[in-house]
Number of protein chains: 2
Amino acid sequence: MGQGRDRTVKRTIIIYSLTVAVGAFLLQWLEYRYAVHVFSTEIYIVLIALLFTALGVWVGRRIAARPRGSFDKNVRAIDYLGISEREYEVLELLAKGHSNREIGEQLFVSPNTVKTHLAHLYDKLEVARRTQAVDRARALGMIP
Amino acid sequence: MGQGRDRTVKRTIIIYSLTVAVGAFLLQWLEYRYAVHVFSTEIYIVLIALLFTALGVWVGRRIAARPRGSFDKNVRAIDYLGISEREYEVLELLAKGHSNREIGEQLFVSPNTVKTHLAHLYDKLEVARRTQAVDRARALGMIP
DNA sequence: TGGCACATCCCCCGAACGGGTGAATCTCTC
DNA sequence: GAGAGATTCACCCGTTCGGGGGATGTGCCA
């Protein structure tokens, strides 16, 4: 579930390194081209600081911004409430707004079975309605 | 809705500025204390680059990480679909898992009125069920 | 001033949902 | 091998939802 994220981080690192390389090359080139420091050391330091701060901000944002669609399933809550595999599958389809009949069709069971799973879910989540179950499960981070 | 966020950004900027000031002071002090550059310029540049990159990453992460509970309501989607004030209020309570009767009580209207608003919401969101309406509204960023 | 959007309410009816009870498998564990 | 838990299904009954109408009042604006 974190594959896309890993790729993003890798690409971020690559772009960062490339930018550093290009920056170093530019500095060398400036020194070579004009043989001397054009500006005073302080200005160079400030420029470099600014540049790398900007770069750092960019990197930090990319690292912190979790890609759309990613989601850390709160397994602890699921375990703590003792929600079974099948019940979780029903919960997922429930959150997508499917009816009991549709859920049953997708899981290859009868609507009655779906109702039983739902009843267990309502018990464990301590709710009375399907909409409440979705809301609560989402609040607990069990579903995206 | 973004007050806590503004405070976080402000504090981030303040801490950043303070760090820069302290860093500048340290450099000055080093130069003053030892009269000369202890290391070569390249190493200084690398150190500064690393320091400010780290600082930038920290700043970027703080900026990008939206505090828990914050949420940008997608007003464009709401406007585009022509969802009225009252309908949105119903939608909010709907997403919390309330029944029509409960929604009516909280909005001081009859369940029949709630049903009418819901019917309009179903039309505008192009869905058939309340759970679907919640799912779609969430997908469109209209509700948290 | 007549249409338009909005909000409010009513009734009816079929479908969906929720609660309760019971029961048959199957798997894992003690 | 007994018991616990998970999964599957059935039936009944009452509540809730959803869709179809129709109705009234208000405010806006062309």
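Predicted model, so just to flag it, every value in this text is computed and none were measured. Numbers restart at 1 for each chain; the letters A, B, ... are given by sequence-line order, proteins then strands.
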Item to check | Shortest non-hydrogen separation from A133(A) to Y122(A) and the atoms involved | outcome: CB-CE2, 3.9 Å

Checklist entry - Taking atom C1' of dG18(D) as reference, at what distance in whole Å does atom NE2 of H120(B) sit? => result 13 Å

Item to check | Residue V109(A), side-chain atoms from C-beta onward, closest of dT7(D), dC9(D), dG18(C) | outcome: dC9(D)

Item to check | Length of the CG-C1' vector between N112(A) and dC17(C), whole Å | outcome: 12 Å

Item to check | Nucleotide dC17(D), atom C1' - distance to CD1 of I103(B) in whole Å | outcome: 11 Å

Next on the checklist: Both E87(B) and T131(A) contact DNA chain C. Taking the nearest nucleotide for each, which residue is further toward the 5' end?
Outcome noted: E87(B)

Checklist entry - With a non-hydrogen cut-off below 4.0 angstrom, is H117(A) in contact with a base, only sugar-phosphate, or nothing? => result base

Checklist entry - Starting at CZ of R101(B) and ending at P of dG18(C), how long is that distance when rounded to a whole Å? => result 15 Å

Checklist entry - Under 4.0 Å between a side-chain N/O of N100(A) and OP1 or OP2 of dA16(C), yes or no? => result no

Next on the checklist: Counting only side-chain heavy atoms from C-beta out, which of dT8(D), dA6(D), dC17(C) sits nearest to S84(A)?
Outcome noted: dA6(D)

Checklist entry - If you look at every strand shown and take non-hydrogen atoms under 4.0 Å, does A128(B) touch a base, only sugar-phosphate, or nothing? => result sugar-phosphate

Next on the checklist: Measuring to OP1 and OP2 of dC9(D), would you say a side-chain N or O of T113(A) lies under 4.0 angstrom away?
Outcome noted: yes

Next on the checklist: Rounded to whole Å, how long is the line connecting atom CD of Q132(A) with atom C1' of dT16(D)?
Outcome noted: 13 Å

Checklist entry - Between atom CG in L94(B) and atom C1' in dG18(D), what is the gap in whole Å? => result 13 Å

Next on the checklist: Assess whether a salt bridge exists between K96(B) and E92(B), defined as any Lys/Arg side-chain N lying under 4.0 Å from an Asp/Glu carboxylate O.
Outcome noted: no

Next on the checklist: Just N and O in the side chain of R129(B): are any of them under 4.0 Å from OP1 or OP2 of dG18(D)?
Outcome noted: no

Item to check | Minimum-distance pair of heavy atoms, taken over all atoms of E87(B) and L121(B) | outcome: O-CD1, 3.4 Å

Next on the checklist: How many whole angstroms separate atom CZ of R130(A) from atom P of dG18(D)?
Outcome noted: 10 Å

Checklist entry - Any donor-acceptor pair under 3.5 Å linking the side chain of R138(A) with the backbone of I143(A)? => result no

Item to check | Shortest non-hydrogen separation from I78(A) to Y88(A) and the atoms involved | outcome: CD1-CE1, 3.6 Å

Checklist entry - Under 4.0 Å between a side-chain N/O of Y122(B) and OP1 or OP2 of dG19(D), yes or no? => result no

Checklist outcome for this item: E105(B) CD to dT16(D) P, in whole Å, measures 11 Å

Checklist entry - Within the structure, does a side-chain N or O atom of S110(A) lie under 4.0 Å from either OP1 or OP2 of dA10(D)? => result yes

Checklist entry - Below 4.0 angstrom from OP1 or OP2 of dT7(D), is there any side-chain N or O of R86(A)? => result no

Item to check | Any T116(B) side-chain N or O less than 4.0 Å from OP1/OP2 of dA7(C) | outcome: no

